[in-house]
Structure formats: C-alpha cells, structure tokens
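Worksheet: one structure, shown below.
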Amino acid sequence: MYFTDRGIEELEERRGTDEVTLAWLADRMRAFVDNNPEFETAVERLATFLARDDDDFED
C-alpha cells in the first residue's frame, strides 16, 4: 500500500456515496492548487489523466 492510498481510502469512506460533477471536481482541484501551489504539476497530471479517453491509458 502506498502512503497516498490512505487519502484515497478516506475519500472513499467519507464521500463514497456522494454524486459530484466534473465541474465540482475541477473547482476543488483549482482551490487545492491555489492553496498548495507546490502541487500544481501533480494536480495537472491527475487532471490530464482523468480527462483522457480510457483507451489512451498506458500501464
């Protein structure tokens, strides 16, 4: 288990039944980067990964 899995597990436990829009997610990601600019690259990479078609995913 990676350290980041803990955050993912917390997200799933706290919000696993919530329904959200991608616009809401994008807004939350922007707010996170505004408050934590040192993570801009990681958030940008995650956003790009989520935006791409599933067929574009490479292991």
Side-chain angles (χ1 to χ4, degrees):
M1 175 191 301
Y2 292 102
F3 179 75
T4 54
D5 288 349
R6 291 186 210 167
I8 294 168
E9 287 176 359
E10 180 179 352
L11 174 64
E12 187 175 24
E13 287 174 14
R14 289 177 177 235
R15 305 252 181 179
T17 60
D18 290 3
E19 291 187 28
V20 301
T21 65
L22 292 177
W24 177 88
L25 177 61
D27 186 53
R28 297 298 296 154
M29 292 172 81
R30 284 187 196 99
F32 178 82
V33 170
D34 287 347
N35 290 316
N36 303 278
E38 67 273 18
F39 293 109
E40 180 179 9
T41 299
V43 171
E44 181 66 24
R45 287 180 182 173
L46 176 60
T48 300
F49 172 80
L50 294 173
R52 290 190 176 145
D53 187 33
D54 293 339
D55 295 337
D56 292 340
F57 178 68
E58 296 179 23
D59 292 299

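We count residues from 1, following the sequence as given.
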Check whether more than 12 heavy atoms from other residues, nucleotides or ligands sit under 6.0 Å from atom CD of Glu12, and answer yes or no.
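Count not over threshold, so no.
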
Holding to side-chain contact (heavy atoms from CB on, under 4.5 Å), I want the full list of residues that pass it with Thr41, two or more places apart in sequence or in another chain.
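Testing Thr41 for side-chain contact (heavy atoms from CB on, under 4.5 Å), a comparison that skips the adjacent residues, returns Arg45.
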
I'd like to know if Val33 and Leu11 are part of one continuous hydrophobic network [Ile/Leu/Val/Met/Phe/Trp/Tyr, side-chain heavy atoms within less than 4.5 Å].
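They do not share one cluster, since no chain of ILVMFWY contacts under 4.5 Å joins Leu11 to Val33.
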
Rounded to the nearest 0.5 Å, what separates atom CG in Leu46 from atom CD in Glu44?
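Leu46 atom CG to Glu44 atom CD measures 10.0 Å (nearest 0.5 Å).
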
Would you please name every residue forming a side chain to side chain donor-acceptor pair (under 3.5 Å) with Arg14, sequence neighbours left out?
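Partners of Arg14 by the side chain to side chain donor-acceptor pair (under 3.5 Å) criterion, ordered by chain and then number, come out as Glu10.
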
Donor-acceptor contacts under 3.5 Å from residues 21-32 side chains, at least two apart:
{"from": "Thr21", "atom 1": "OG1", "to": "Ala23", "atom 2": "N", "distance (Å)": "3.4"}
{"from": "Thr21", "atom 1": "OG1", "to": "Trp24", "atom 2": "N", "distance (Å)": "3.0"}

Assess the residue pair Asn36 and Glu38 against the criterion (side-chain contact (heavy atoms from CB on, under 4.5 Å)); give the C-alpha distance rounded to whole Å, side-chain angles, the decisive distance to 0.1 Å, and a yes or no.
CA-CA 5 Å; Asn36 303 278; Glu38 67 273 18; 4.1 Å; yes

